[in-house]
**Student:** 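Before I ask anything, here is the structure I am working with.
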Amino acid sequence: MEYNFKEIEKKWQQRWVEQKTYHVVEDENKQKFYVLNMFPYPSGAGLHVGHPLGYIASDIYARYKRLQGFNVLNPMGYDAYGLPAEQYAIQTGQHPEITTFQNIDHYREQLDKIGFCFDWDREVRTCDPDYYHWTQWAFQLMYESYYDNDLRKAQPIGQLIKHLEEKGTEGLSAAGTEELKLTAEEWNAMDEKQKSDTLMNWRIAFLGETMVNWCPELGTVLANDEVVDGVSVRGGFPVVQKKMRQWCLRVSAYSQRLLDGLDTIQWTGSLRETQRNWIGRSEGTEVEFNVADSDKHFTIFTTRADTMFGVTFMVLAPESELVAELTTADHKAEVDAYLEQVKKRTERERMIDKKVTGVFTGSYAINPFTGEKNPIWVSDYVLAGYGTGAIMAVPAHDSRDYTFAKHFGLPIIPLIEGADVSEESYDAKEGIVMNSPRPGVTPYIDFSLNGMTIKEAIAATKEYVESHKLGRVKVNYRLRDAIFSRQRYWGEPFPVYYKNGIPQMIPSECLPLLLPEVDKFLPTETGEPPLGNATKWAWDEQKKQVVENSKIDNKTVFPIELYTMPGFAGSSAYYLRYMDPHNKTALVSEKADAYWKCVDLYVGGTEHATGHLIYSRFWNKVLHDYGYSCVEEPFQKLINQGMIQGRSNFVYRIKDTNTFVSYNLSKEYDVTPIHVDVNIVQNDVLYVEAFKAWRPEYATAEFILEDGKYICGWAIEKMSKSMFNVVNPDMIVERFGADTLRLYEMFLGPVEASKPWDTNGIDGCHRFLKKLWMFAFDKEGNLRCNNPESTKEELKSIHKLIKKVTLDVENFSYNTSVSAFMICLNELNQMKSTSKEVLEQFVVLLAPFCPHIAEELWEALGHNTTVCDAQWPVFNEEYLKEDAINLTISFNGKARFQMSFPVDADNATIEKAVLENPQSAKYMEGFQHVKTIVVPKKIVNIVLKKA
RNA sequence: GCCGAAAUGGUGGAAUGGUAGACACGAGGGACUUAAAAUCCCUUGGCCAUAACGGCUGUGCGGGUUCGAGUCCCGCUUUCGGUACCA
């Protein structure tokens, strides 16, 4: 009986569905384990072999945990809102929902063939109203909250309003866009609109003015990669930097908690480091500078307070409000021209083209330490969004200031002993301070840093600044608030309407606010986002429902927000929804949340390091502050699966002919390499007939072969359609079966490593399964392995496997596990006969990797339950004990021969035996024995020195 | 520039500081077969040597620690990721 994987896999996939094998319910008697994959965006291209890599790895772990008795949650769903579906809709007019659902069906079909243990009853789709109900709900929760810096958590905005009414901003400790100063009287005197605008300064979800790439012709905001050379990629229209009112999330308020949380979770060091850098905590000092001949003053932020004595000029960011304030009348024209020039350059251009530009404002700032007047410049190398948007420039010890100073001929004062600043700045934070103050200069203040190390100088300056009220110690974060709105159609609508320009929340009992139908997915002629095309998009306050736009009267019926939410909105809390996906009254019930708590193992790519994985952690923290999510960090352990690269094949066409020459002969001709579809190549040998049929122009192709074969060249490239190197998992399943695919994907190498997909090696894994089949069954299909007693040898072999696989699965070293299976099978095969017990254990160990064949064998072994409910075998050291130990004898570290000893031989006995062994004499000749090192069970090293 | 990861045969990759190259692919040779497929056996880092045993060398480069280093330390080179005027 042959190993008929097609029949076996079909049979078990059906049975799993019928028996609801993977359906999971909360069970207080069992310990939970939550495995999660980053859910996919269902693109039209379908899955390639790279996608399932992580799914297989997590599936193995989920199945393993279940065999160990855990109640395992392993759900799957779709991140269904997104740009490609919308782009397709714009081109074809087809509703994105239709294409999205088609793609989801295709994904499901592909996933089902691989035999995952997903509980499909818990599937979520971000575009499903029952799902985005809770995305909208969370948005409203954030809108109704502010972040209390003292309590370090989100609080209802009502508390802040109460505070303002009673004390104004006095004693208020809330994370805000700016530091506002208001008295209670001022607040209470505000009208509704003013109050609403003011509260935006503190709300966690808020309307804010942010800089965006605005394309007036297209009427939309563009992402940086949609803009090249200041014009839009699509259409070539000019793009300007513009401040726009956008919904934002106050992610920055959580900077410190996002940073602290990293120490509590088991993520790879590099990923945590990436997030740390992204958050970018920097401890520094804010120092106030007075403007000369004026009562104006402004604040700068620096991490190098020790360089106060080396300041030679000041720089403002072009977008800073200070520019207008500090520019003198006679410099206004020049500054305005410069600002205009900067405005035209996109942020991207500023990054790529780093030419030094800037202009003098005409004003001077007085250095509070030296009393010197430093000119105030404007330059785009200073960013408005970080610190205070203004810096003190110390050209001697900051490379950017140095470049600027050299370009405009500004003075450079070195402050570190021995630092040579004639060619470049000295940026290192090492050395002894000098020139602070400079010798011979009359001291302006009674303060000196000379002779200190930089560290000491920074600390001393901080102390001085604070005690003399010249500024304050300040921690800054690089992390910015997230822009949360998009001028797109295919996304979650905001549950917001505008009453006299004041945003109002749609009542929570009216959620979800459904995405309206539109007939065009492009922005309207007036530049409104696509939702402006909806005819039924107004809110009737009395009826509490969506009504036609024509009914807008601005008394009871009002326009609804036209923006939609960005991609990360739906993916920020989906792991909570899986816990309780059908709940109509809450994102997740308290009970389900208390049981599943958080994701124990999260598997996905590193590309989400600074996006999803930050937003999701932020989102969960807000929910946690209100008790909706009981654990602060949502993802305890994170594994990053590597990218699967493509392995492209090439054929070599001799120039100006239709003749193709085999790889090893191609050097002798003038050839053009051409990508060829890897699916008509096997082991780098081209199927010539298939190639001729591939494209009409190759039908008459001729070939120069080597050894009767056409050998293709190859290269490792990204897996993509245009390189014809996309390998589809369905094809592999069709040819080799899902179990082989699963085994091979794991065998390729460590899960975390990026590696090329090379179908060439898959035979080995398929062969292993065939061998296993023939090992278990004879030609008639009878089970061969039915000895009632296991031999010592068998037990040793299987327990070696149990030990190895258990350890490997825990460490995600699946590739070495696969090898261990192969070795064990070979050993068992050589023993000719095998007991039922040993085969059973083998099958259970294999079940997480190759569930279909495992089920089939499990059934053949006489079980009427599925192998998923078996028990993971327990490793017993007893069986691995050796009768004798083999030691490698080495001389000065060079291994020479082997000797056998009883297990209980002591070191002295071993040393004596080795030295007396006649073989040793040969290696010891002319040497003197120094000492002997015995490494238990491994090696004996005789240390010698020349006699 | 900065941060991170890596570098081992023809290929993918194994090696708690202890015989480097497990396992698999590919390649070569052989068995079975009318033949092919499938299957099985042998060889397979390099160099030298042989009837046979064997010897030398070898984990990107240069140093170091150690009885012993692919592994640890110092200094480079290269590759791949991430990030970018963050004061």
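Below, chains carry the letters A, B, ... as their sequence lines are ordered, and counting in each starts from 1. Worth saying up front: this structure is predicted, and the values here are computed from it rather than measured.
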**Student:** Return the nearest nucleotide to the side chain of A/Ile391; candidates are B/rU19, B/rA87, B/rA15.
**Tutor:** B/rA87

**Student:** Give the rounded distance in Å between these two atoms: NE2 of A/His766 and P of B/rG26.
**Tutor:** 13 Å

**Student:** NZ of A/Lys718 versus C1' of B/rC80: gap in Å, rounded?
**Tutor:** 15 Å

**Student:** Would a line drawn from the ring center of A/Phe313 to the ring center of A/Phe404 be shorter than 6.0 Å?
**Tutor:**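 Ring centroids of A/Phe313 and A/Phe404 are less than 6.0 Å from each other.
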
**Student:** What is the minimum heavy-atom distance between A/Leu262 and A/Arg276, and which atoms define it?
**Tutor:** CD1-CG, 3.8 Å

**Student:** Assign A/Ser819 to base, sugar-phosphate, or nothing according to its heavy-atom contacts below 4.0 angstrom with the strands shown.
**Tutor:**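 Here A/Ser819 touches the bases of the nucleic acid.
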
**Student:** Under 4.0 Å, heavy atoms only, any strand: does A/Thr274 hit a base, just the sugar-phosphate, or nothing?
**Tutor:**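 Counting heavy atoms under 4.0 Å across all strands, the contact made by A/Thr274 is with sugar-phosphate only.
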
**Student:** To the side chain of A/Ile939, which of B/rC25, B/rG18, B/rU83 is closest?
**Tutor:** B/rG18

**Student:** Give a yes or no on whether A/Tyr663 atom OH has more than 12 heavy-atom contacts from other residues, nucleotides or ligands under 6.0 Å away.
**Tutor:** no

**Student:** Describe the nucleic acid contact of A/Ile823 in one word from base, sugar-phosphate, nothing, applying a heavy-atom distance below 4.0 Å.
**Tutor:**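 Sugar-phosphate contact only - A/Ile823 comes under 4.0 Å of backbone atoms but never of a base.
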
**Student:** As a test of understanding, state which of A/Trp773, A/Phe768, A/Phe777, A/Phe775 forms a ring-ring contact (aromatic ring centres under 6.0 Å, His included) with A/Tyr3.
**Tutor:** A/Trp773

**Student:** Does a side-chain heavy-atom distance below 4.5 Å link A/Phe289 with A/Asn367?
**Tutor:**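 Result yes, sub-4.5 Å side-chain heavy-atom pair found.
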
**Student:** To the nearest angstrom, how far is A/His608 atom NE2 from B/rG81 atom P?
**Tutor:**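 The distance from NE2 of A/His608 to P of B/rG81 comes to 17 Å, rounded to the nearest Å.
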
**Student:** As a test of your reading of the structure, name each stem of RNA chain B as range with range, where a stem is three or more consecutive Watson-Crick or G-U pairs at under 3.5 Å.
**Tutor:**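 If one scans RNA chain B for consecutive Watson-Crick or G-U pairs, the stems found are B:1-7 with B:77-83, B:10-12 with B:23-25, B:26-31 with B:39-44, B:45-48 with B:54-57, B:60-64 with B:72-76.
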
**Student:** Mapping A/Arg304 and A/Gly761 to their closest nucleotides on RNA chain B, which lands nearer the 5' end?
**Tutor:**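 The residue whose closest nucleotide sits nearer the 5' end is A/Gly761.
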
**Student:** Between P on B/rA22 and NZ on A/Lys804, what's the gap in Å once rounded to a whole number?
**Tutor:**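 Going from A/Lys804 (NZ) to B/rA22 (P), I get 14 Å.
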
**Student:** Ignoring hydrogens and angles, tell me if any N or O in the side chain of A/Tyr477 forms a donor-acceptor pair with the backbone of A/Ser282 under 3.5 Å.
**Tutor:**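 Not confirmed, A/Tyr477 side chain does not pair with A/Ser282 backbone.
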
**Student:** Please check the phosphate of B/rC23 (OP1 and OP2 only) for any side-chain N or O of A/Asn815 closer than 4.0 Å.
**Tutor:** no

**Student:** Can you tabulate the close N/O pairs, meaning under 3.5 Å, that link protein atoms to atoms of nucleotides 63-70 of chain B?
**Tutor:**
residue: B/rC67; atom: O2; partner: A/Asn941; partner atom: ND2; Å: 2.2

**Student:** Can you sort out the partners of A/Tyr426 under side chain to side chain donor-acceptor pair (under 3.5 Å), two or more places apart, ordered by chain and number?
**Tutor:**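 A/Tyr426 satisfies side chain to side chain donor-acceptor pair (under 3.5 Å) with no other residue.
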
**Student:** Are the ring centres of A/Phe821 and A/Phe849 closer than 6.0 Å?
**Tutor:** yes

**Student:** When the nearest nucleotide of RNA chain B is assigned to A/Arg647 and to A/Glu273 on a heavy-atom basis, which residue is associated with the more 5' position?
**Tutor:**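 The residue closer to the strand's 5' end, by nearest nucleotide, is A/Glu273.
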
**Student:** Can a side chain N or O of A/Lys770 be found less than 4.0 Å away from OP1 or OP2 on B/rU39?
**Tutor:** yes

**Student:** For A/Lys771, answer base if it contacts any base atom (sugar-phosphate contacts may also be present), sugar-phosphate if it contacts only those atoms, and nothing otherwise; contact means non-hydrogen atoms under 4.0 Å.
**Tutor:** sugar-phosphate

**Student:** For A/Ser282 and B/rA87, is the shortest distance between a side-chain N/O and OP1 or OP2 below 4.0 Å?
**Tutor:** yes

**Student:** I'd like to know if A/Lys755 reaches the base of B/rU11 with its side chain, counting only an N/O donor and acceptor under 3.5 Å.
**Tutor:** no

**Student:** Please determine, for the side chain of A/Arg767, which listed nucleotide (B/rG55, B/rU39, B/rG18) has the closest atom?
**Tutor:**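 Nearest nucleotide to the side chain: B/rU39.
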
**Student:** Quick check for you: among B/rU39, B/rU11, B/rA14, whose closest atom lies nearest to any side-chain atom of A/Asp758?
**Tutor:**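 Of the candidates, B/rU11 comes closest.
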
**Student:** Looking at B/rA87, I'd like to know if its phosphate oxygens (OP1 or OP2) sit under 4.0 Å from a side-chain N or O belonging to A/Tyr386.
**Tutor:** yes

**Student:** Looking at every strand, decide which applies to A/Glu607 at a 4.0 Å heavy-atom threshold: base, sugar-phosphate, or nothing.
**Tutor:** nothing

**Student:** I need the CG-P distance between A/Asn640 and B/rA6, as an integer number of Å.
**Tutor:**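 One finds 13 Å between P of B/rA6 and CG of A/Asn640, rounded.
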
**Student:** For the backbone of A/Leu415 and the side chain of A/His397, can you confirm whether one donor and one acceptor N or O come within less than 3.5 Å of each other?
**Tutor:** yes

**Student:** Taking any heavy-atom pair under 4.0 Å as a contact, classify A/Arg276: base, sugar-phosphate, or nothing.
**Tutor:** nothing

**Student:** Out of B/rA87, B/rA84, B/rA24, which has the shortest distance to the side chain of A/Leu383?
**Tutor:**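 Nucleotide nearest to A/Leu383's side chain: B/rA87.
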
**Student:** Taking the chi torsion of B/rG9, is it syn (within 90° of 0) or anti (everything else)?
**Tutor:** syn

**Student:** Please give, in whole Å, the distance from B/rG26 P to A/Ile711 CD1?
**Tutor:** 13 Å

**Student:** Which of parallel (below 30°), tilted (30 to 60°) and perpendicular (above 60°) describes A/His766 and A/Phe736?
**Tutor:**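 Ring orientation, 0 to 90° scale: perpendicular.
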
**Student:** Any chance CD of A/Glu810 has more than 12 other-residue heavy atoms, nucleotides or ligands included, within less than 6.0 Å?
**Tutor:**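 More than 12 heavy atoms, drawn from other residues, nucleotides or ligands, come within 6.0 Å of this atom.
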
